[in-house]
Structures are given as C-alpha cells and as structure tokens.
Number of protein chains: 2
Amino acid sequence: MKRDSRLSSVLHALLHMAEHDGPLTSETLAQCMNTNPVVVRRIMGLLRDVGIVRSAKGHTGGWTIAADLKAVTLRQLHEALGEPAVFAIGNRNEVPECLVEQSVNSVLDDAFAEAEALLLQRFQNVTLADLATEFTRRHAKWRAERTNS
Amino acid sequence: MKRDSRLSSVLHALLHMAEHDGPLTSETLAQCMNTNPVVVRRIMGLLRDVGIVRSAKGHTGGWTIAADLKAVTLRQLHEALGEPAVFAIGNRNEVPECLVEQSVNSVLDDAFAEAEALLLQRFQNVTLADLATEFTRRHAKWRAERTNS
DNA sequence: TCGAATCGTAATAATTGAAGTTACATGAAA
DNA sequence: TTTCATGTAACTTCAATTATTACGATTCGA
C-alpha cells in the first residue's frame, strides 16, 4: 500500500507558515513540498474546516494559521485529516464466521488497538509550538556547524 | 494501498493446522481462507524457511506444523514474513534537505517508533498456544450457547 | 470596470504495493 | 506411470494515495 503522508505534509506546511509573515499561496507551499497546488488545497481545506488555518482568494490571498501554535496538537491534525487508518497490517476478513479466524482477529485487534492508543497519546502531547521549538533548535545547531567549518 | 493481511492469514492457517491431524494441502487451506492455493504456498513457504512448518509433495502431502506451539510467537511470524511496514502513515520524504521537514520527520519518527516497539512487544508475548487457547475458549462458549437455545 | 491572482473542486490519470491467477516444472506416493 | 501435491515465475487485478488537468468563483489592484 502507498503510505498516507498527509500528516507529515501539513506539518511541513504549517511550520513554514509559522516561520513566515503573511499568507503563503498553495503554489508556494506546493513548491516547498515538491507537489501540486491542488494537493495542498485539498489537505489545507480540511484544516480550514476545523479552524486551524484560514484561506483568502485573490491578490495577496493564500493560507495563514488561524490558531495558537500551542493549542494545536498532532492528534487534532490527525483528526482533521479524517483519522486515516494507522496500520498497514490488518485482518484478512473483518467479520469472519469462522471461530478460528475470530480468535485470531480478536487477539490481533487488541494488540493494534493498544499500539494505536499509544500513538494517539503521543500525538496529543505534541503541539505545533513544540515542533517550532524543535526546528529552532536544529536551525541553531545548523548555523553553529556552518560557522565552525 | 491495500493492507497486508498475511499475518492474519498465516495465523488462521496455523490454527486450523493445529486443530487438525496430519497435513493440510494448500488447496484445503486456500478454501478455508477464501483465497488461492498459490497465495497459501507463498506465505507458508516463508514459514518453512524458518522451520515453523514443513511441506511434503505428492500423495498424502501438504503442510504440517514443525514447531512447538508454545515456542512460536507472533513476533517470529512477523519476522518470517519479512517484517513488513507496520504503519500506513509515514513521512512524505524520508531524507529531506529542508530543516523544517527534518524536524517534522524526527518528531513523527519518534512517535511511530514507540508505537511499533509496543506492538512488537505485544507480538512477542503471544504464542500460537495462546491463540489455540483463545479458540478453545470461544469454541466452548459457542457450544454452550448453541445448547441453551 | 477589467484583468490577473488565487482559492474551490470535480474528474481523471498515474503510481504503488498487495493479492490473485495462470502456467508449468518438480517430486513423491499409490 | 499416473496422479497429487508443492515450487515458482510471470502476469493481472485491485485498492488506495497522490498527481494532474480543467474550469468556475472570488478578490484585489491598476
């Protein structure tokens, strides 16, 4: 299966927006992420629906962050994207009649549910502000290394 | 993408084999799982490579379990299948130059790694014998309910 | 007001990876 | 020696994401 990279994509876009004054166009964001403006609009549209970003048409239009960076968690973004399936591994048949298969599903489902709960927990504990901080740290380190050499 | 259901599939097959005396053919297992004998051979072949099952050709041939049910964990099976990717969600670009994207990847990777570790831990703690027990429990319950009504 | 810039969105194609299928070779048992 | 079974390569189908094309609807600025 092809992996869903939209969460990674929106985070990349949102951080660029956070580092930038004024709106960024779909075109600009698309170049930044090596993709197509329509893809950007599709994804950002979902975030607009839940109030995380705003869009404006026409000259000087584009996308801006509409929420406090400290208040937006990865979990909210995951939800805004429609809570896509987390796992690439799954049961062959979700509603089997066979008791053997039901037993297998039950045990696997438990394990996956636990892992997903942990992942979502982690997502809930990370905000856009945290990511911005992580970026600042890396940026400072990068500048220091550049200066030294 | 389509989800990888091979783990679920082999477990289903192995439990049927555990409940049955003598070898089962790919054809029988395939019917049991609503699939094609070639698919069964492909998957079971990987388990044979690590000694979990044996195969025999010709009349009276087929697949048999070659290991102690208590000694085979879900984790071993996952490994035998080549440790397929666990998540359907991933980074857009695994080796980005952009520092922003690197920051995003780093944080996401941490979260995914933790969730995967938990999942594999769970897999390690479940044996085929455990699954057989779970089946026995469900089977007994099913019979009891059948008798009552 | 006009026109260019920008989003909004539908429709469709490309891409990717799993699963399914066909075909045939190999080997073992009756 | 015939039949039944695995072994495997090659190819097709299927499902899901992502990319692209096309065009409509707004908004700003000259």
Side-chain angles (χ1 to χ4, degrees), chain A residues 1-10 12-13 17 22-49 53-64 66 78 81-94, chain B residues 1-10 12-13 17 22-49 52-66 78 81-94:
Chain A
M1 154 196 324
K2 214 176 210 174
R3 295 164 93 186
D4 182 335
S5 62
R6 291 178 304 157
L7 181 58
S8 158
S9 298
V10 285
H12 186 182
M17 288 161 68
L24 288 175
T25 66
S26 306
E27 179 65 38
T28 303
L29 290 171
Q31 281 172 6
C32 186
M33 313 163 61
N34 267 303
T35 184
N36 193 292
V38 178
V39 173
V40 172
R41 283 183 208 127
R42 249 192 323 240
I43 304 178
M44 297 300 280
L46 296 172
L47 302 199
R48 184 193 47 221
D49 291 346
V53 299
R54 253 192 306 268
S55 65
K57 293 180 177 177
H59 279 112
T60 74
W63 300 92
T64 42
H78 176 66
L81 295 176
E83 303 196 66
V86 166
F87 295 105
I89 299 180
N91 295 327
R92 175 173 187 82
N93 179 353
E94 288 303 339
Chain B
M1 145 210 357
K2 219 174 204 174
R3 293 165 93 187
D4 182 336
S5 61
R6 291 177 305 157
L7 181 59
S8 158
S9 297
V10 286
H12 187 180
M17 287 161 67
L24 287 175
T25 66
S26 306
E27 179 66 37
T28 304
L29 289 171
Q31 282 174 4
C32 185
M33 313 162 63
N34 267 303
T35 183
N36 192 293
V38 177
V39 174
V40 173
R41 284 183 207 126
R42 252 194 319 242
I43 304 179
M44 297 300 280
L46 295 172
L47 302 198
R48 184 192 49 221
D49 291 345
I52 294 173
V53 300
R54 253 192 304 268
S55 64
K57 293 179 175 177
H59 278 112
T60 74
W63 301 90
T64 42
I65 294 184
H78 176 66
L81 294 177
E83 304 196 65
V86 167
F87 296 106
I89 299 180
N91 295 325
R92 174 174 186 81
N93 177 356
E94 288 303 339

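Remember, predicted model here, so these are calculated numbers, not experimental data. Naming convention: chains lettered A, B, ... in sequence-line order (proteins, then strands); numbering from 1 in each chain.
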Assign a letter to each nucleotide of nucleotides 22-30 of chain D from its 5' end: B, base within under 4.0 Å of a protein heavy atom; S, sugar-phosphate only; -, no contact.
B---BBBS-
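If you check every strand for non-hydrogen atoms under 4.0 Å, A:Gly62 touches sugar and phosphate atoms only. Among the protein residues, B:Arg92 comes within range of the sugar-phosphate backbone only, with heavy atoms under 4.0 Å from sugar or phosphate atoms but none that close to a base. At a threshold of 4.0 angstrom between heavy atoms, the contacts of A:Arg48 are confined to the sugar-phosphate backbone, with no base atom among them. Among the atoms of the strands shown, base atoms are found under 4.0 Å from some heavy atom of A:Asn36.
Distances shown here put a side-chain N or O of B:Ser55 below 4.0 Å from the OP1 or OP2 atom of D:dG7. Distances shown here put a side-chain N or O of B:Ser26 below 4.0 Å from the OP1 or OP2 atom of D:dT6. Under 4.0 angstrom from either OP1 or OP2 of C:dA19 there lies at least one side-chain N or O belonging to B:Ser5. An OP1 or OP2 oxygen of D:dA5 is reached within less than 4.0 angstrom by no side-chain nitrogen or oxygen of B:Thr25. Between A:Arg42 and the phosphate of D:dA19, there is no side-chain N or O to OP1/OP2 separation shorter than 4.0 Å.
In this structure, A:Ile43 atom CD1 and C:dT9 atom C1' are separated by 15 Å, rounded to whole Å. Spacing between atom CD of A:Glu27 and atom C1' of D:dT21 amounts to 14 Å, rounded to whole angstrom units.
Residues B:Arg48 and B:Arg54 are not in side-chain contact: their nearest non-hydrogen atoms beyond the backbone lie 4.5 Å or more apart.
Atom CE of B:Met33 and atom CG of A:Asn93 lie 10.5 Å apart (nearest 0.5 Å). Between the CZ atom of A:Arg6 and the CG atom of A:Asp4 there is a distance of 4.5 Å, given to the nearest 0.5 Å. Atoms CD1 and OG1, from B:Ile43 and B:Thr35 in turn, are 7.0 Å apart once rounded to the nearest 0.5 Å. Taken to the nearest 0.5 Å, the CD atom of A:Gln31 stands 11.0 Å off from the CG atom of A:Leu24. Going from atom OG of A:Ser9 over to atom CZ of B:Arg92 covers 4.5 Å, rounded to the nearest 0.5 Å. In this structure, the separation between CE on B:Met17 and CE on B:Met44 is 4.0 Å, given to the nearest 0.5 Å.
Side chain to side chain, A:Thr28 and A:Thr25 meet the donor-acceptor criterion of an N or O pair below 3.5 Å.
When each of A:Leu24 and B:Asn34 is assigned the nucleotide of DNA chain C bearing its nearest heavy atom, the one mapping closer to the 5' terminus is A:Leu24.
Stem list for DNA chain C (at least 3 consecutive Watson-Crick or G-U pairs, distances under 3.5 Å): C:1-30 with D:1-30.
A:Ser26 is linked by a side chain to side chain donor-acceptor pair (under 3.5 Å) to A:Arg41, A:Trp63, counting only residues two or more places apart in sequence or in another chain.
If you check D:dT18, D:dT21, C:dG8 against the side chain of A:Trp63, the one that comes closest is C:dG8.
Residue-to-nucleotide contacts include a donor-acceptor pair under 3.5 Å from the side chain of A:Lys2 to the base of C:dT15.
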